[in-house]
Amino acid sequence: IRASLAEKAQLLQLRRKFYQSSAESARRASIKSYVLGDEKDHTRTNAFIDLLLLHDVEVYSNATDLSIGKQKFAKGKTYVVPAEQPNYIMVRSLFEKGITYADSLFYDASTWSAIHAYDLPYAELKTVAGQGARITAPSAVSPAGVTRSNYAYLFSLTDYNAHKAIYHLQAGGALVQSAFRPFTVVLDGQQRTFGYGSISIPVNLQRISPDSLYRLVDKVSRAASIQIYGFTTGYSAGGVDLGSGYLRTLRPTEAMMIIGQGIAPAEAGEVWHLLDQRLSMPITKMDIQNVGRANLGRYNTIVMVSGNYALLDKAATDKIKAWVQNGGTLITLKTASEWAIKQGFTKEKLVVPDTLKKNIARYNYDAAVDIEGAKSLGGSIFRADVDTTHPIGFGVTNRSISVYKNGTTVFLPSVNPYSTVAQYGADPLIGGYLHPASLKMVKGSAAILTGAEGAGRVILFADNPNFRGFWYGTNKLFLNALFFGSTIMVPAVVQ
């Protein structure tokens, strides 16, 4: 008992010293507070607030309207995290940016700046922002009841739970359409703009009755915490009308993912977790050795995560090619994208390091770990520009998006100017380690490509958008590939 009490006293003393040191660091820091939040995506914002509270970080409501650069943070709809608090070290770690390292010889991920993982709007302030009430739990999102309509129901794609709503509407028998152009409508006497990818549920095109549709829409609105609006006319106040050909019907996603020997189990698990836990959506998991004799016609989407696909022989590979040509959507991540390119699923190309050097260097054998290890890309955050008018970018409100990259799969931009959905700039690093040789490869490269193949298409991700179930910011891009893949028609280019 005495030993236990002594250990507790020692721990309390260590904790007191840590907090004193942390408080002193906070007082010396130039950044005094952080303001954050996306009022168009309550679910993603709440997920980050929940993470902060889980780590004993003090969070307050934002008491004033703030304009910082091009960003606006609305009073009562965004949040403030003061730097000067007992857990300052954690605060700094969660928000830090621009941290660089001498080499990559450490744990695989060189940065864990969580604010970038959630890709939330935020700003660093050199003053203490106006603090409202302290937050003890994420704010509940309670959509107002759906107003019954005899014409159509509408909702935006900007919230993280939008795809959950689409899936459950389709599973309930509803026909769902997506807008390929923005439009503005008048609701309750106010104009409201719906951006690219916004969802319309037309009443007269349904196979279920108006009463059943209304009950389904209201149920899904509450379950997904998505505000769905009843709209009484097809005429808009701006942009396309709801009867326009730019409103396209979405096919329900019937997805299959290849798993088994040689396939990265963590990446497969991340896809499964995303769909099962956050959308309550099933996905068939097919062992790689069964692909050759499977009926692929049951599916309209196939997902291939990183791995070695050597067990897919020529017959199985040709079978998948034929399936794509007949209208299927193939989604590949990282090394699976390399496999698809090498197998001729698409005409897109990989960036290949320059191996032709006039003077071939010679090193001692035992220096390989240090020299080559320093060139690895163990896990850093990069900034990419995403085309928000493309179905893969639907619902993304900022073209600049934070991407986690921990591999050397690098694409050349497509020769088709409409096929490079996301691209890294000349100075893409946000935080972490990047060897000069890797920078030469990554800068200007494509992060996401789409290629039309026959009646189908291939969607290639250079990186893993679902990293550890933690990278909320790029989940939407992957979900868009699942839900909107069948709508992608790569425009032909006249030379």
Side-chain angles (χ1 to χ4, degrees), residues 37-51 77 118 137-179 187-188 192 194-195 197-203 205-231 249-255 270-284 301 394-397 466 469 472-473 475-484:
D38 186 345
E39 58 183 289
K40 295 181 180 179
D41 191 344
H42 299 292
T43 302
R44 186 162 47 99
T45 300
N46 277 354
F48 185 67
I49 296 301
D50 188 57
L51 179 74
K77 296 181 180 180
Y118 289 73
S139 59
V141 180
S142 301
V146 178
T147 301
R148 180 163 181 151
S149 172
N150 289 322
Y151 186 82
Y153 299 96
L154 306 173
F155 65 91
S156 172
L157 199 71
T158 55
D159 192 86
Y160 188 85
N161 276 354
H163 297 87
K164 178 178 181 178
I166 295 172
Y167 169 71
H168 287 283
L169 286 166
Q170 292 178 325
L175 180 146
V176 175
Q177 295 184 328
S178 179
L187 292 168
D188 299 326
R192 183 176 294 273
F194 290 82
S198 294
I199 299 301
S200 171
I201 310 154
V203 176
L205 297 182
Q206 304 294 330
R207 294 182 178 179
I208 59 178
S209 70
D211 287 342
S212 297
L213 179 66
Y214 171 70
R215 288 193 295 269
L216 174 65
V217 169
D218 189 61
K219 177 182 177 182
V220 169
S221 173
R222 298 178 190 280
S225 298
I226 291 284
Q227 183 61 61
I228 301 180
Y229 303 90
F231 192 54
T249 299
L250 299 179
R251 293 173 59 190
T253 302
E254 298 292 341
E270 287 155 6
V271 171
W272 186 14
H273 175 272
L274 172 66
L275 299 182
D276 181 71
Q277 295 298 306
R278 296 185 186 161
L279 274 69
S280 299
M281 172 182 170
I283 184 171
T284 298
T301 306
F394 279 178
V396 177
T397 55
N466 309 308
Y472 276 71
N475 280 163
K476 185 183 288 289
L477 305 179
F478 176 76
L479 292 173
N480 282 344
L482 276 178
F483 282 78
F484 301 113

**Q** Treating D159 as the side-chain partner and H42 as the backbone partner, does any N or O pair qualify as donor plus acceptor under 3.5 Å?
**A** yes
**Q** Can you tell me how far the OG1 atom of T43 sits from the CZ atom of F48, to the nearest 0.5 Å?
**A** 15.5 Å
**Q** N46 side chain to A140 main-chain N or O, any donor-acceptor pair under 3.5 Å?
**A** no
**Q** With R44 as the cation and Y472 as the aromatic partner, state whether NZ or CZ is under 6.0 Å from the six-membered ring centre and within 45° of the axis.
**A** no
**Q** Nearest 0.5 angstrom please: N466 CG to L274 CG, how far?
**A** 5.0 Å
**Q** Could you go through L479 and L275, starting from their C-alpha distance and side-chain angles, then the distance that decides it, and tell me whether this counts as side-chain contact (heavy atoms from CB on, under 4.5 Å)?
**A** CA-CA 9 Å; L479 292 173; L275 299 182; 3.8 Å; yes
**Q** So how far is it from Y153 OH to S200 OG, rounded to the nearest 0.5 Å?
**A** 11.5 Å
**Q** Between T147 (side chain only) and G230 (backbone N and O only), is there a donor and an acceptor less than 3.5 Å apart?
**A** no
**Q** Salt bridge or not for R215 and D211, using N-O below 4.0 Å?
**A** no
**Q** Check whether any side-chain heavy atom of T253 sits under 4.5 Å from a side-chain heavy atom of M281, and report yes or no.
**A** yes
**Q** What heavy-atom pair brings V203 and A152 nearest, and what distance separates the two atoms?
**A** CG2-N, 3.8 Å
**Q** With side chains defined as the heavy atoms from C-beta onward, is the minimum distance between H163 and N480 less than 4.5 Å?
**A** yes
**Q** For the CG atom of L213 and the CD1 atom of I201, what is their distance to the nearest 0.5 Å?
**A** 6.5 Å
**Q** Are any side-chain N or O atoms of S221 and backbone N or O atoms of I226, one a donor and one an acceptor, separated by less than 3.5 Å?
**A** yes
**Q** Begin with the C-alpha distance, continue with both residues' side-chain angles, and end with the deciding distance and a verdict on side-chain contact (heavy atoms from CB on, under 4.5 Å) for I166 and L157.
**A** CA-CA 10 Å; I166 295 172; L157 199 71; 3.8 Å; yes
**Q** Report yes or no: does S149 contribute a side-chain atom to a donor-acceptor pair with the main-chain N or O of Y151 at less than 3.5 Å?
**A** yes
**Q** Write down the atom of K476, the atom of T158, and the distance for their closest heavy-atom approach.
**A** NZ-O, 3.5 Å
**Q** Within the side chain of Q206, is there an N or O that forms a donor-acceptor pair under 3.5 Å with the backbone of L175?
**A** yes
**Q** Side chains of P282 and D276: does their closest heavy-atom pair fall under 4.5 Å?
**A** no
**Q** Can you measure from CZ (F483) to CD (Q170) and round to the nearest 0.5 angstrom?
**A** 7.0 Å
**Q** Drop me the distance from Y229's OH to L187's CG, to the nearest 0.5 angstrom.
**A** 7.0 Å
**Q** Could you walk me through whether F484 and L250 satisfy the side-chain contact (heavy atoms from CB on, under 4.5 Å) test, starting with their C-alpha distance in whole Å, then the side-chain angles of each, then the deciding distance to 0.1 Å, before giving a yes or no?
**A** CA-CA 7 Å; F484 301 113; L250 299 179; 3.4 Å; yes
**Q** In this structure, are over 12 heavy atoms from other groups packed under 6.0 Å from N150 atom CG?
**A** no
**Q** H168 side chain to L279 main-chain N or O, any donor-acceptor pair under 3.5 Å?
**A** yes
**Q** Please find the pair of heavy atoms, one from F155 and one from A162, that lie closest to each other, and give the distance.
**A** CE1-O, 4.0 Å
**Q** Taking all heavy atoms of G173 and all of I208, pick out the closest pair and write down the distance.
**A** O-CG2, 4.0 Å
**Q** Hey, is the main chain of F194 close enough, under 3.5 Å, to the side chain of S156 for a donor-acceptor pair?
**A** no
**Q** With a 4.5 Å limit on heavy-atom distance, are the side chains of R278 and H273 in contact?
**A** yes
**Q** What pair of heavy atoms forms the shortest contact from F394 to G197, and how long is it?
**A** CD1-CA, 3.2 Å
**Q** Compare all side-chain heavy atoms of T249 with those of L205 and state whether any distance is below 4.5 angstrom.
**A** no
